[in-house]
Engineer: 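Take a look at this one; I'll ask things after.
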Amino acid sequence: MENARVARILGEIADITELVEGNPFKVRAYRRAAQVVDLLPGPVRELWRNRQLTDLPGIGERIAAHIGELVETGTCEEHERLMALVPPGILELLRLEGVGPKTVAALWHTLGVTSVEALERACQDGTILKLPRMGKVRAESIRKAIERYRARQGRMQLHRVLPYAESMVTQLREVPGVLRAEVAGSVRRLRETVGDVDLLVASRDPGAVMKAFRELPEVTLVTAEGPTKASARLSIGLNVDLRVLPEESFGAALHYFTGSKSHNIAIRTRAVRMGLKLSEYGVFDRKGKRIGGRLEDDVFRAVKLPFIPPELREDTGEIEAAEEGRLPRLVERGDLRGDLHVHTKASSDGRSSLEEVASMARSLGYAYVAITDHSRSRPLGLDETALREHVEKVRTLDRKLRGRPHLLTGIEVDILADGSLDLPLELLASLDCVVASVHSHFHQPREVMTERIVRAMSTGLVDILGHPSGRQIGSRDPYDFDLERVLRAARENDVAMEINAMPDRLDLNDRACRLAKQHGVALVIDSDAHHVAHMHNIRYGVWVARRGWIERGDVLNALSYEELRERLRRKAHRRRGEELEPASP
DNA sequence: GCCGTTTTCGGCCCGACTGTTTTCAGTCG
């Protein structure tokens, strides 16, 4: 969470510098640094203490010193100095659509308007019209921007937005003259939340596309429209931006509008260094002659890089990796051979039967599925006796199924407040797969929570740490713990980190996945299904993994059944402290 | 403020749309 705070403060330095008309390149430098910090996979504090901050692109001596100050003291002199220059609350004005630094500066200096409320009054009583280049139309659009600003709840989760985006693209593909239509932007990059939808169309008849766009059922209000570009408000409350281009530009445009912005800047800068010019219309040589742009790959070829998957385009090392031929081969849904965290009716909140789970696993093409119901501390969770009976049922059905699919016995055992596990260790040792999770006492101090999790893993009985951060998107923050310490313990104890694919969890998140991989910790992509329908959610977990640079070889449930059994068998032997015979050839 | 395949100084990605103007500043992505 500290990274987010540091990023916010660097962003505020940029905002204020811009407001007081400082060097625009300095503004950009702080913006870029803020983004770099925000996207770091690990704690910025660590990099500071190891004197590695200036290794990051966009962070030099000055900004590194500011970050160090923030990390060590919680504040930063440069930030405080700048904050004293502007009235409190004025930065909020910059969050309004259509209101930028010039307008805010004019509002402040000419009218003394320094808050959203004051701006709203100025719009209503007309005093805002005294500003240069300010007419009734702009005043009204600002008033509406204030309304939207108050109404919007920020970004929206990808899985809620994607169906709308795909529906619009499908309809636009039917418009006469349309050759290609794709979703771009953060939706294509599969970010966990998105702030708007970007649509891209190649067409011989842009006018027909614009007309069709206005009439889409998902569109409620067109807010801007030109011959090739339009913006609108969607019924779900997000904005959608549309661009129409000729077919020979579609690849270059798809790259450009997929972003991220910082990735684009890095690629364009690279193109400039190679004597090329890159825009959404194509790749051009020194004489302005087009040398590519029909295909997205034209862009990468022009700057002498292999194709970089959209999920990686955040300018967090993907360009360097591409250059050195070490881009990951990202895990795909089809790589998964099973699900290791599924609930049934046997405990508390599960709603599907064992047979239904097995049947769904088979239809998803899985070789195996682990039955992991809740332990006794959850309401209606399994106690020792109930678990033994349940395990017998699982084994009986497993024999009957003859590997279609294989059923693994398991449990999602609570990690109690003191770090002990919620069932006797010898019983846990008899199971195929133990998921351990924190479900209570979320507000323990950082050190207590960290030790609690580490202690649970140190039993040697835990195969998977379930939803490791405990966050629920939009409702519960992650609990405070030292992820790096937990990852080190996970590596020592051979515990896999879960990527919980429930759309409200997505836990671990993409950055933490990448950090886990760097620590040599395995990941497992689980549905945590409480109903068989939830087992389809696994794709959301795959998206997170891909954004976290995860490859098939990093994922426990990409192993075949035989490989998984071997892996769990080795661990089971270590649990009992036995020497393991070398596997027979 | 950052950075270096021509550079330790002098550059810094590129273009569309809007509302205001009579040629463009501001904002956005």
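The chains referred to below are lettered A, B, ... by the order of the sequence lines, with proteins before strands, and numbering in each begins at 1. What you see is a predicted model, and the numbers here were worked out from it, not measured in a lab.
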Engineer: For DNA chain B, which residues of residues 51-61 of chain A approach it to below 4.0 angstrom with any heavy atom?
Structural biologist: A:L56, A:P57, A:G58, A:I59, A:G60, A:E61

Engineer: Considering only heavy atoms from C-beta outward, does the side chain of A:Q171 approach that of A:E218 to under 4.5 Å?
Structural biologist: yes

Engineer: What verdict does the side chain to side chain contact (heavy atoms under 4.5 Å, CB included) test give for A:T258 and A:E296, after you've listed the backbone C-alpha separation in whole Å, the side-chain angles of each residue and the deciding distance to 0.1 Å?
Structural biologist: CA-CA 10 Å; A:T258 295; A:E296 194 173 38; 4.2 Å; yes

Engineer: Considering only B:dC2, B:dC13, B:dG26, which nucleotide approaches the side chain of A:R28 most closely?
Structural biologist: B:dC13

Engineer: To the nearest Å, how far apart are A:F25 CZ and B:dG10 C1'?
Structural biologist: 10 Å

Engineer: Please state the P separation for the pair B:dA25 and B:dT20 - nearest whole angstrom.
Structural biologist: 16 Å

Engineer: Expressed in angstrom and rounded to an integer, what is the separation of A:I265 atom CD1 from B:dC13 atom P?
Structural biologist: 6 Å

Engineer: Which whole number of Å gives the distance between the P atom of B:dC12 and that of B:dT5?
Structural biologist: 15 Å

Engineer: Just call it for A:M134: base, sugar-phosphate, or nothing, with non-hydrogen atoms closer than 4.0 Å on any strand.
Structural biologist: sugar-phosphate

Engineer: The side chain of A:T269 lies closest to which of these nucleotides: B:dT20, B:dA16, B:dC13?
Structural biologist: B:dC13

Engineer: Between B:dT5, B:dC14, B:dG29, which one does the side chain of A:D241 approach most closely?
Structural biologist: B:dG29

Engineer: Using a heavy-atom cut-off of 4.0 Å across all strands, would you classify A:N23 as base, sugar-phosphate, or nothing?
Structural biologist: base

Engineer: Within the side chain of A:R552, is there an N or O that forms a donor-acceptor pair under 3.5 Å with the backbone of A:E332?
Structural biologist: no

Engineer: Which whole number of Å gives the distance between the C1' atom of B:dC2 and that of B:dT7?
Structural biologist: 14 Å

Engineer: Identify whether any heavy atom of A:R243 sits under 4.0 Å from a base atom; if not, whether one sits that close to sugar-phosphate; answer base, sugar-phosphate or nothing.
Structural biologist: sugar-phosphate

Engineer: Once you round it to whole Å, what is the distance between C1' of B:dC12 and CD of A:E18?
Structural biologist: 15 Å

Engineer: Between A:L94 and A:M210, who's closer to the 5' end of DNA chain B by nearest nucleotide?
Structural biologist: A:M210

Engineer: Which nucleotide sits closest to the side chain of A:Y256: B:dT18, B:dA16, B:dG29?
Structural biologist: B:dG29

Engineer: For A:T103, which contact category applies under a 4.0 Å heavy-atom criterion: base, sugar-phosphate, or nothing?
Structural biologist: sugar-phosphate

Engineer: As a test of reading the structure: which of B:dC13, B:dA25, B:dT18 is closest to the side chain of A:R133, going by heavy atoms?
Structural biologist: B:dA25

Engineer: Taking atom P of B:dG1 as reference, at what distance in whole Å does atom CD1 of A:I13 sit?
Structural biologist: 10 Å

Engineer: Scan A:V99 against the nucleic acid and name what it touches under 4.0 Å (heavy atoms): base, sugar-phosphate only, or nothing.
Structural biologist: sugar-phosphate

Engineer: What is the distance, rounded to the nearest whole Å, between atom CD1 of A:I142 and atom P of B:dT18?
Structural biologist: 16 Å

Engineer: Quick one: which of A:E314, A:E318, A:R268, A:R189 gives a side chain to side chain donor-acceptor pair (under 3.5 Å) with A:H263?
Structural biologist: A:E318

Engineer: May I ask you to evaluate whether A:R268 reaches the phosphate of B:dC14, defined as a side-chain N or O under 4.0 Å from OP1 or OP2?
Structural biologist: no

Engineer: Assuming nearest nucleotide by heavy-atom distance, tell me which of A:V104 and A:H66 is located more 5' along DNA chain B.
Structural biologist: A:H66

Engineer: Looking at B:dC13, B:dC17, B:dG1, which one has an atom nearest to any side-chain atom of A:A29?
Structural biologist: B:dG1

Engineer: For B:dT18, give its Watson-Crick or G-U wobble partner with both distances under 3.5 Å, or none.
Structural biologist: B:dA25

Engineer: Classify the ring geometry between A:Y540 and A:H159 as parallel (under 30°), tilted (30 to 60°) or perpendicular (over 60°).
Structural biologist: tilted

Engineer: Taking the C1' atom of each, how far is B:dT6 from B:dG11, in whole Å?
Structural biologist: 12 Å

Engineer: When rounded to the nearest 0.5 angstrom, what distance separates OH in A:Y164 from CG in A:L234?
Structural biologist: 9.0 Å

Engineer: Using whole Å, what does the distance between atom C1' of nucleotide B:dT27 and atom CG of A:N239 come to?
Structural biologist: 14 Å

Engineer: Hey, does A:R138 reach any base, or is it just sugar-phosphate, or nothing, if we go heavy atoms under 4.0 Å?
Structural biologist: sugar-phosphate

Engineer: So which atom in A:I499 and which in A:G541 form the shortest heavy-atom distance, rounded to 0.1 Å?
Structural biologist: CG2-O, 3.7 Å

Engineer: Is it true that A:Q35 and A:D315 share a donor-acceptor pair across their side chains at a distance under 3.5 Å?
Structural biologist: no

Engineer: Taking atom P in both B:dC13 and B:dC17, compute the distance separating them and give it to the nearest angstrom.
Structural biologist: 22 Å

Engineer: Is it the case that A:R514 and A:T316 place a side-chain donor and acceptor less than 3.5 Å from each other?
Structural biologist: yes

Engineer: Would you indicate what A:K102 reaches in the nucleic acid, counting non-hydrogen atoms under 4.0 angstrom: base, sugar-phosphate, or nothing?
Structural biologist: sugar-phosphate

Engineer: Rounded to whole angstroms, how far apart are CG on A:D315 and P on B:dC13?
Structural biologist: 12 Å

Engineer: For B:dA16 versus B:dG10, give the span between their C1' atoms, rounded off to a whole number of Å.
Structural biologist: 29 Å

Engineer: In whole Å, what separates the C1' atom of B:dT8 from that of B:dG1?
Structural biologist: 15 Å

Engineer: For a quick check of understanding: with a heavy-atom distance under 4.0 Å over all strands, which category does A:P101 fall into, base, sugar-phosphate or nothing?
Structural biologist: sugar-phosphate

Engineer: Using distance alone, with no hydrogens and no angle criterion, decide if A:T75 and A:E80 have a side-chain donor and acceptor under 3.5 Å apart.
Structural biologist: no

Engineer: Please state how far atom CG in A:L276 lies from atom C1' in B:dC14, giving the value in whole angstrom units.
Structural biologist: 15 Å

Engineer: Touch check for A:S231, heavy atoms < 4.0 angstrom, all strands: base, sugar-phosphate only, or nothing?
Structural biologist: nothing

Engineer: When syn is taken as a glycosidic angle within 90 degrees of 0, is B:dT22 syn or anti?
Structural biologist: anti

Engineer: Can you identify which nucleotide, out of B:dG19, B:dC2, B:dG29, has its nearest atom closest to the A:V137 side chain?
Structural biologist: B:dG19

